[in-house]
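Naming: A, B, ... by sequence-line order, numbering from 1 per chain.
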Protein chains: 2
Amino acid sequence: MMEQKQEMHEFINRGDEHFMAHISLDCVIFGFHANQLKVLLLKIRHDDRWALPGGFVLKEETMEEAADRVLNERTGLNDIFLRQFHVFSDIHRSNTEKFLELMRSEGIVVEENNWLTKRFISVGFYALVDYEKAIPAEGWDSEACEWFDLDNVGELILDHNKIIGAALETMRRQLNFLPIGYNLLPEKFTMPELQKLYETILGKTLDRRNFQRKMLAYGILDRLDERRKGGAHKAPYLYKFNLEQYQKALKEGLQGGW
Amino acid sequence: MMEQKQEMHEFINRGDEHFMAHISLDCVIFGFHANQLKVLLLKIRHDDRWALPGGFVLKEETMEEAADRVLNERTGLNDIFLRQFHVFSDIHRSNTEKFLELMRSEGIVVEENNWLTKRFISVGFYALVDYEKAIPAEGWDSEACEWFDLDNVGELILDHNKIIGAALETMRRQLNFLPIGYNLLPEKFTMPELQKLYETILGKTLDRRNFQRKMLAYGILDRLDERRKGGAHKAPYLYKFNLEQYQKALKEGLQGGW
DNA sequence: ACAAAAGTGTTCCCCCTACACCCATGC
DNA sequence: GCATGGGTGTAGGGGGAACACTTTTGT
């Protein structure tokens with residue numbers, strides 16, 4: 001606990017020796033579980049609201065590397081599907097008053113002209129991860145890290161609700177071009193599960209048979225001999241992504257929309 | 001000339017009082033003329049290369065406002081189609097050595113730890129403008145401002161070639177969703193002219209008749225009673241965009257691809 | 001046996017593609 | 001009148017949307 005306090009103090013008053021001022025990033029980390037789109041959020045201390053996992057950019061790393069780092073710290077995962085999608089630069093998006101208030105609550109002395117009291121521009125990233133594999137971890141700057149149903153995130157700090165909205169919109173558009181399921185589902189999955197994912201992202205139902213035909217036509221799925229047993233009713237086949245074809249589709253894009 | 005020098009000195013050594021450090025923007029300004037896609041470039045002093053018009057963000061403006069300002073300064077235009085499309089953050093994209101060398105050439109003393117010697121992250125914007133209406137204007141930081149054929153820009157400074165490439169790619173993708181012609185053509189234009197624009201952007205030829213049908217099916221064009229006279233052969237109809245439908249299409253997107 | 005879910009097939013129709021034809025204008 | 005380019009029409013095919021039937025499994 002003492003360490004934590006010191007680490008925080010160090011970060012706040014000397015962070016600008018390592019990080020670039022004025023620039024931050026926020027990650028909208030999507031997962032999929034129980035037929036629900038999930039977002040990973042952090043609980044801010046001394047504030048009853050939650051926030052997107054975010055961070056700053058070290059002087060010797062790119063935005064992408066910084067986002068990867070943040071993602072790894074919060075989920076333990078590497079090699080994640082991660083895309084920048086928008087820069088948020090409203091003048092009043094940072095809230096210096098709130099920051100100082102929070103620091104007072106923590107009993108931390110903030111020097112005049114502290115780098116964190118400046119205006120910050122944030123680059124929004126969105127990530128798709130396997131809900132089962134991610135291990136949410138809070139950091140020294142938060143007291144909890146949890147998955148939330150996308151439609152139940154409540155009021156978040158700053159413009160984070162807006163950022164999530166933009167991320168979702170972007171993902172919906174990209175769904176037409178990118179083979180998105182690979183990142184959100186476990187290695188093996190059934191066609192109905194994949195369909196549920198698409199329906200959830202798009203917010204509408206799709207025809208079972210047409211979905212299957214269209215998806216298979218992309219040629220990025222391999223059907224396994226196994227079936228998912230245990231559930232009631234007929235056991236569906238398991239599929240997995242054909243990595244080679246998947247990579248190709250990532251580069252060249254799919255066609256046709258939903 | 002004396003004023004200019006002073007303005008430059010002021011900007012270089014006191015710019016950080018007005019602008020945010022570490023953050024810049026670059027505009028890929030597209031025009032269309034003589035069946036060619038054009039890009040507006042600036043000639044850097046003491047360097048035989050050209051550069052994208054760019055700028056920095058005032059402490060009290062958004063990225064979008066900053067880009068608008070830069071665009072207005074270089075073209076005299078307002079209310080331009082302008083979109084951010086990517087953040088460029090390679091660690092070595094800025095070239096401090098080159099900057100200091102340039103300052104020496106100008107005979108300007110650069111203080112230690114000058115804000116412009118820091119690493120900069122740049123937000124790429126692309127703009128579509130009416131070639132006829134834009135009036136290229138160089139600024140105090142450049143000695144010329146001219147249109148270049150897109151496929152003839154040569155080697156630009158920093159990562160500006162890469163930025164143009166990414167902008168073009170983005171525009172090609174957006175062509176499927178956005179009614180792009182409105183911004184690049186004069187108010188009245190013929191169907192063959194619009195088609196040439198699309199062919200130029202896509203880099204391939206399209207069927208004349210199918211193009212016309214598809215374009216008209218979008219319902220964003222109004223055919224006028226006038227025809228374009230003077231040319232050889234049959235006089236083609238003139239069209240203009242139906243602003244109401246165009247705005248709607250901007251928001252909701254078109255469908256179908258090329 | 002029955003309900004519910006999953007696999008497979010079929011029809012229809014629209015839209016995209018690829019053409020053919022006619023009309024206008026300048027030489 | 002002829003070449004060239006522009007306007008309009010049409011036949012064909014592929015793919016998406018809508019729907020029927022069979023198969024499997026747990027209760």
Sorted by chain and residue number, the side chain to side chain donor-acceptor pair (under 3.5 Å) partners of A/K133 (sequence neighbours excluded) come out as none
Contacts of A/D48 meeting side chain to side chain donor-acceptor pair (under 3.5 Å) (sequence neighbours excluded), chain-then-number -> none
Whether B/E73 and B/R69 form a salt bridge (side-chain N of Lys/Arg under 4.0 Å from carboxylate O of Asp/Glu) is what I want to check. yes
Separation of D/dG15 atom C1' from A/L254 atom CG, nearest Å, is 16 Å
B/L216 atom CG is separated from D/dG6 atom P, nearest whole Å, by 15 Å
With sequence neighbours left out, the residues meeting side chain to side chain donor-acceptor pair (under 3.5 Å) with B/D159 are B/R93
Those residues at least two apart in sequence (or on a different chain) that pass side chain to side chain contact (heavy atoms under 4.5 Å, CB included) with B/N35 are B/F32, B/K196
* Do the ring centers of A/F85 and A/F125 come within less than 6.0 Å of each other? -> no
Atom NZ of B/K214 and atom C1' of C/dA18 are separated, to the nearest Å, by 15 Å
Check the interface with nucleotides 22-27 of chain C: list each N/O to N/O pair with the protein under 3.5 Å, or write none.
from   : atom 1 : to     : atom 2 : distance (Å)
C/dT25 : O4'    : B/H233 : O      : 3.3

B/R223 atom CZ is separated from D/dT8 atom C1', nearest whole Å, by 10 Å
Sorted by chain and residue number, the side chain to side chain contact (heavy atoms under 4.5 Å, CB included) partners of A/R213 (sequence neighbours excluded) come out as A/N210
Using nucleotides 12-15 of chain C, report all nitrogen or oxygen pairs with the protein that are shorter than 3.5 Å.
none

Sequence neighbours excluded, the answer for side chain to side chain contact (heavy atoms under 4.5 Å, CB included) partners of A/I201 is A/L37, A/M171, A/R172, A/L175, A/I180, A/L184, A/L197
Looking across every strand, which nucleic acid part, if any, lies under 4.0 Å from A/R228 by heavy atom: base, sugar-phosphate, or nothing? nothing
Side chain to side chain contact (heavy atoms under 4.5 Å, CB included) filter on B/E193, not counting sequence neighbours, yields B/F189, B/T190, B/R228
Those residues at least two apart in sequence (or on a different chain) that pass ring pair (Phe, Tyr, Trp, His ring centres under 6.0 Å) with A/H33 are A/Y131
Per the under-4.0 Å heavy-atom filter, residues of residues 192-213 of chain A near DNA chain C come out as A/P192, A/R208, A/R209, A/Q212, A/R213
I'd like a table of donor-acceptor pairs (distance under 3.5 Å, sequence neighbours excluded) in which one partner is a side-chain atom from residues 142-154 of chain A, with atom names and distances.
from   : atom 1 : to     : atom 2 : distance (Å)
A/S142 : OG     : A/G139 : N      : 3.2
A/E143 : OE2    : A/K43  : NZ     : 3.3
A/D149 : OD1    : A/K38  : NZ     : 2.7

